Amino acid sequence: MTDLSSDSSPRQRRGRRNPQGNRRPRRRRLRAEFEAHPVRAWAFLAGAVLIAAVLAAALLRSTVADLYRIPSGSMEPLLLPGDRISVDRGAYPTEPVERGDVVVVDGEGSFVPYDSRPAPAQAVDEALQWLGLAPDTSAYVKRVAGVGGDTVSCCSADGLLEVNGEAVPEDYLAEPPASRTVFTAEVPEGQLFLLGDNRHHSHDSRGLLGAPGGGMIEETKVIGKVTGIAWPAERRTPLEPGPGAGER
């Protein structure tokens, strides 16, 4: 009579004594590879760790927080050329863009022309930017001067920016007046009017007033909100909203 509670064959009993299957031979092969070619093996391991770190950093930068390098003086004295700023990519799905916010926007089609290069060249650049290995030349850092429904004009008798007829005290400007170019702009819903803090050396919405779109930037072009200066260490500080911030 056959005992159903026992193993039915010696092969099954041997298999249960080694639940790891063929893992041990694989480990022995890896150990042998390290012993036979230590330099090559360690180089492979270091490369794998580096690739994993780059991909993890790229994923973090593209979904949560990012770092941008300031290339010019258009946001002086707040941001200096060479500063690295931290940008919260997830800020605006949970809160509206406010006046006074410092933001990073995709300027393609507004501040810079649309990229007309072949698709493969664009794809390579986008991949390098995603990995943090190349700068994003279409990204611009500006301050929000007006949101949808606002009328932004310059200047008051005191040389101040006016929003909806009220003067805005912009203590962060590099030098007065708020603009040497006289303008009035009505901001449609879903769009923004952006200005640099260094008004006399800034390419911003004022330079697009006569272009299609009237100098406005779509809110969907906002990449994220600047939350602070991350580098250099002696300038590391969080950013607070400017005095232009307020209710829509």
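Here the structure is a predicted model, which is why all the values come from computation and not from measurement.
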Is the side chain of [X] donor-acceptor paired with the backbone N or O of [Y] at a distance under 3.5 Å, no angle test?
X: Arg99; Y: Val144; answer: no
X: Arg236; Y: Ala230; answer: yes
X: Asp88; Y: Lys225; answer: no
X: Ser153; Y: Thr184; answer: no
X: Asn164; Y: Asp150; answer: no

Quick check for you: to the nearest 0.5 Å, what is the distance between Ser74 atom OG and Asp204 atom CG?
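Taking OG in Ser74 and CG in Asp204, the distance rounds to 8.0 Å.
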Could you measure the distance from the CD1 atom of Ile229 to the CD atom of Glu234? Nearest 0.5 Å is fine.
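Ile229 atom CD1 to Glu234 atom CD measures 10.5 Å (nearest 0.5 Å).
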side-chain contact (heavy atoms from CB on, under 4.5 Å) evaluation trace for Val168 with Leu160:
CA-CA 6 Å; Val168 180; Leu160 300 177; over 6 Å; no
Kindly indicate whether the side chain of [X], heavy atoms from C-beta on, has any atom under 4.5 Å from the side chain of [Y].
X: Ile223; Y: Arg89; result: yes
X: Leu192; Y: Glu219; result: yes
X: Phe193; Y: Leu195; result: yes
X: Glu76; Y: Pro81; result: yes
X: Arg206; Y: Ser179; result: yes
X: Asp171; Y: Leu173; result: no

Criterion side-chain contact (heavy atoms from CB on, under 4.5 Å) on Val103 and Val226, from CA distance to verdict
CA-CA 5 Å; Val103 298; Val226 179; 5.8 Å; no
Using a 6.0 Å distance limit plus a 45 degree cone around the ring axis, check whether Arg143 lies over the aromatic ring of Tyr172.
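Arg143 over Tyr172 ring: yes.
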If the threshold is 4.0 Å, N to carboxylate O, is there a salt bridge linking [X] and [Y]?
X: Asp83; Y: Arg235; answer: yes
X: Glu108; Y: Lys221; answer: no
X: Arg180; Y: Glu175; answer: yes

Looking only at non-hydrogen atoms, find the nearest pair between [X] and [Y] and report the distance.
X: Ser156; Y: Glu162; answer: CB-OE2, 3.5 Å
X: Leu208; Y: Ser110; answer: CD2-O, 3.4 Å
X: Pro169; Y: Ala167; answer: CD-O, 3.7 Å
X: Pro71; Y: Arg69; answer: CD-O, 3.2 Å
X: Gly215; Y: Ser205; answer: O-OG, 2.7 Å
X: His200; Y: Pro176; answer: NE2-O, 3.6 Å

Any chain of hydrophobic side-chain contacts (each under 4.5 Å) joining [X] to [Y]?
X: Tyr68; Y: Leu80; answer: no
X: Phe183; Y: Val187; answer: yes
X: Ile217; Y: Val112; answer: yes

Pair Met75-Val102, side-chain contact (heavy atoms from CB on, under 4.5 Å): steps then yes or no:
CA-CA 10 Å; Met75 285 297 291; Val102 179; 4.0 Å; yes
Which one of Thr227, Asp101, Leu78 satisfies the side-chain contact (heavy atoms from CB on, under 4.5 Å) criterion with Leu239?
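Result for side-chain contact (heavy atoms from CB on, under 4.5 Å) with Leu239: Leu78.
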Which of parallel (below 30°), tilted (30 to 60°) and perpendicular (above 60°) describes Phe111 and Tyr140?
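Taking Tyr140 first and then Phe111, their aromatic rings sit tilted (interplane angle of 30° to 60°).
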Using a distance-only test with no angle check, is there a side-chain donor-acceptor pair under 3.5 angstrom linking Lys142 and Ser202?
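Yes, because at least one side-chain N or O of Lys142 sits under 3.5 Å from a partner of the opposite role on Ser202.
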For Glu170 and Leu161: C-alpha separation, side-chain torsions, deciding distance, then whether side-chain contact (heavy atoms from CB on, under 4.5 Å) applies.
CA-CA 8 Å; Glu170 300 180 287; Leu161 186 75; 3.4 Å; yes
